[in-house]
Every structure is written in C-alpha cells, then in structure tokens.
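Read the structure below first, then the notes.
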Amino acid sequence: LDVPASSIDAASAVLSQFYREEWQAGSARARVPSPPLLLSPSFAMALCLSLGLLALFIQTNEPWYDRGGVLREAVWLGQWWRLVTGSTLHADWPHVLGNCAFLLILGFGAAERFGLGLLPAIWLCTSIGGFGASLLLTEISSSVGASGGIYGLLGASAAHALKTEVSDTMRWHRRLRRIGGPALFVAATAFGEHSNIVAHLGGLGTGLLLGVVLPRKPPAVSMQLCAALATLVLLWVCWQRALSTGV
C-alpha cells in the first residue's frame, strides 16, 4: 500500500479499524452455534430414506417377497419392476439395520454433494444397475436389498469428488484417499457369505459413471423436486404392478 508520507498516520488508523472490525466479525461467526444434526436438510433426507426402508421391512410379508424380489426367471420373463421393488426388500433384521445405517451415513454425504432430490434418485438408479449386473454376470436365482444403491452412492460421491476437486495443486495422497476409502469399504463389507458381490460392484460402477456425468454443483431446486418425485412415482408404480401380478 503506497501512501504519501503525510497520510501515514491516517492510513494506519483506517487499516487498524478495518482489521479490528474483521476480527470482531470473525469472532462473532465463531460463536454462532452449529444447528442440531436433525435440522440439517441433508441428514434429515438420508434419515427419512433409511426409516422408509425400515418401515417397509416391518410391513412386508412373504407374498411381498414372492412378488417383489429380484427372481431371475421372473425378470427375464418381463417382470422388470422387480429390479425396483427388490431394492426396497431385505432378508432379515441384521440385513435391513446394516443397510439403513450405511444409507444414513453415505446418504448424508451424497445429499450434501448432489442435493436432496438427487439422493433417492441416485440410490435407486445405482441399485437397479447392481441388480442388472447380477442378472447378466451371475446365475444367482434371487436377490433383495438396498446395498447395490448404497455402493452406488459411495461410487458417485468418490467419482464426483475426483472430478470437482482434482487440480494441479491437489496432492497425490488426497487423490489416493478419494479412491482408497471406497476400495476399503468394498473390501470390508462386500464379500460376506450371503452377499451378492456382483450386485455390489455393479452398483458401485454405476455410481462411478453417474459421479462423472453429474454437474459440478447441485441442480436447481426445481430439478431436485422433479428427481425426488420421479423416484417416488417409480417406486409406487412398480410396487402396484408387483402386488397386482402373480409370481
């Protein structure tokens, strides 16, 4: 800052006042308490999605599994809606509680990154992708669960982070964390005795593709509403179709 010698005192006073005001404003911002977690829209959306799956599990009975599960022969005979309804079904309490917990955690982060409306849309699309991979690449006769979509959220978030945060100044270890975190999660959880590994990896791969093509910033509110509404309508239509059709 270049000022005449005669104005040094005045300039010093102005700068001192400026820095004092900035420090006071920063201190005031630091004292503002963070809102409760439940009041975070992203967390609330992920919680609603998890509780919805839990409520559906409590509601379901044997005919629902027969008509809504991803049965290989039934899907190949044209009952495509099973790819959607199967995403909302779970085999037992450990299965549904584990998936709801992971969906809450990963859904929270995905909603912050992509927006509230895209969270359920990405989850359902990647879950369908996981079941599709299983049908094409395995001989598994039946499958249910939301885990393909959960891996999809993980893949979408990782790919999107790499796309939006990679720069010449981004260090290699930060890039490694973007890839290593999902890889460790897959290695730790995907290969259980009753896990559909191909469905998990198919959902992850679908999510990686979505993370690359989705915009850098969350779309407008109108697009978020359209995505959420389309997901709900698709779920309702598919379940109506499933319950009105025999095995």
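A side-chain donor-acceptor contact under 3.5 Å links His95 to the backbone of Ala91. Side chain of Arg72 to main chain of Thr138: a donor-acceptor pair is present (N/O by atom type, distance under 3.5 Å, no hydrogens or angles). Lys163 places a side-chain N or O within 3.5 Å of a backbone atom of Leu214 that can act as its donor or acceptor partner.
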Could you tabulate the donor-acceptor pairs under 3.5 Å formed by side-chain atoms of residues 139-147, not counting sequence neighbours?
| unit_1 | atom_1 | unit_2 | atom_2 | d |
| --- | --- | --- | --- | --- |
| Ser143 | OG | Asn196 | ND2 | 3.3 |
| Ser147 | OG | His200 | NE2 | 2.9 |

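Tyr65 and Arg82 get closest at one heavy-atom pair: O-NH1, 4.4 Å. The two residues Ala46 and Gly107 make their nearest non-hydrogen contact at CB-C, 3.7 Å. Nearest heavy-atom pair, Arg67 versus Ser244, reported as atom, atom and distance to 0.1 Å: NH1-N, 4.5 Å. Residues Leu97 and Leu54 share a closest heavy-atom pair of CD2-CD1, 4.1 Å. What you find for Thr206 and Gly129 is that their closest heavy atoms are OG1-CA, 3.7 Å. Closest approach of Thr85 to Ala242, counting heavy atoms only: CG2-CB, 4.2 Å.
No side-chain heavy atom of Leu106 sits under 4.5 Å from any side-chain heavy atom of Ser157. Annotation: side chain of Leu118 is in contact with side chain of Pro219 (closest heavy-atom distance under 4.5 Å). No side-chain heavy atom of Met45 sits under 4.5 Å from any side-chain heavy atom of Leu49. Within the 4.5 Å cutoff, the side chain of Leu201 has heavy atoms near those of the Ile197 side chain. Cys238 places a side-chain heavy atom less than 4.5 Å from the side chain of Trp80. Side chains of Thr126 and Leu204 form no contact here, defined as non-hydrogen atoms less than 4.5 Å apart. Leu229 is not listed as a side-chain neighbour of Leu225, based on a closest heavy-atom distance of 4.5 Å or more. Counting heavy atoms from C-beta on, the side chains of Trp76 and Leu71 never come closer than 4.5 Å.
Side-chain contact of Ser127 with Ser87: a donor-acceptor pair under 3.5 Å is present, judged by distance alone.
The CG atom of Leu135 sits 11.5 Å away from the CD atom of Glu73 when rounded to the nearest 0.5 Å. Atom CD1 of Ile105 sits about 11.5 Å away from atom SG of Cys100, to the nearest 0.5 Å. Atom OH of residue Tyr151 and atom CH2 of residue Trp123 lie 15.5 Å apart, to the nearest 0.5 angstrom. Between Phe57 atom CZ and Asp92 atom CG the span is 6.5 Å, to the nearest 0.5 Å. Annotation: the span from Leu136 atom CG to Phe131 atom CZ amounts to 13.5 Å, rounded to 0.5 Å. The distance from the CG atom of Leu119 to the OG1 atom of Thr231 is 9.0 Å, given to the nearest 0.5 Å.
Checking each of Val96, Val70, Thr60 against Leu89 for a side chain to side chain contact (heavy atoms under 4.5 Å, CB included) leaves exactly one that passes, namely Thr60.
Linking Ile, Leu, Val, Met, Phe, Trp and Tyr whenever their side-chain heavy atoms come within less than 4.5 Å puts Leu51 and Leu104 in one cluster. Val198 and Val75 end up in the same hydrophobic cluster when Ile, Leu, Val, Met, Phe, Trp and Tyr side chains are linked at under 4.5 Å. Put simply, Leu53 and Val233 are part of two different groups of oily side chains (I, L, V, M, F, W, Y) that touch within less than 4.5 Å, one to the next. Linking ILVMFWY side-chain heavy atoms closer than 4.5 Å, directly or via other members, places Leu232 and Ile122 in two distinct hydrophobic clusters.
Residue pairs meeting the ring pair (Phe, Tyr, Trp, His ring centres under 6.0 Å) criterion with at least one partner in residues 205-234, sequence neighbours excluded, are absent. For the ring pair (Phe, Tyr, Trp, His ring centres under 6.0 Å) condition, the pairs that include at least one residue of residues 208-245, sequence neighbours left out, are Trp64-Trp239.
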Could you go through Arg113 and Thr164, starting from their C-alpha distance and side-chain angles, then the distance that decides it, and tell me whether this counts as side-chain contact (heavy atoms from CB on, under 4.5 Å)? CA-CA 11 Å; Arg113 178 173 293 276; Thr164 56; 3.7 Å; yes
Applying side-chain contact (heavy atoms from CB on, under 4.5 Å), run through Trp81 and Thr245 and close with a yes or a no. CA-CA 11 Å; Trp81 54 87; Thr245 304; 4.0 Å; yes
Verdict with supporting geometry, Leu154 and Ile150, side-chain contact (heavy atoms from CB on, under 4.5 Å): CA-CA 6 Å; Leu154 180 68; Ile150 294 172; over 6 Å; no
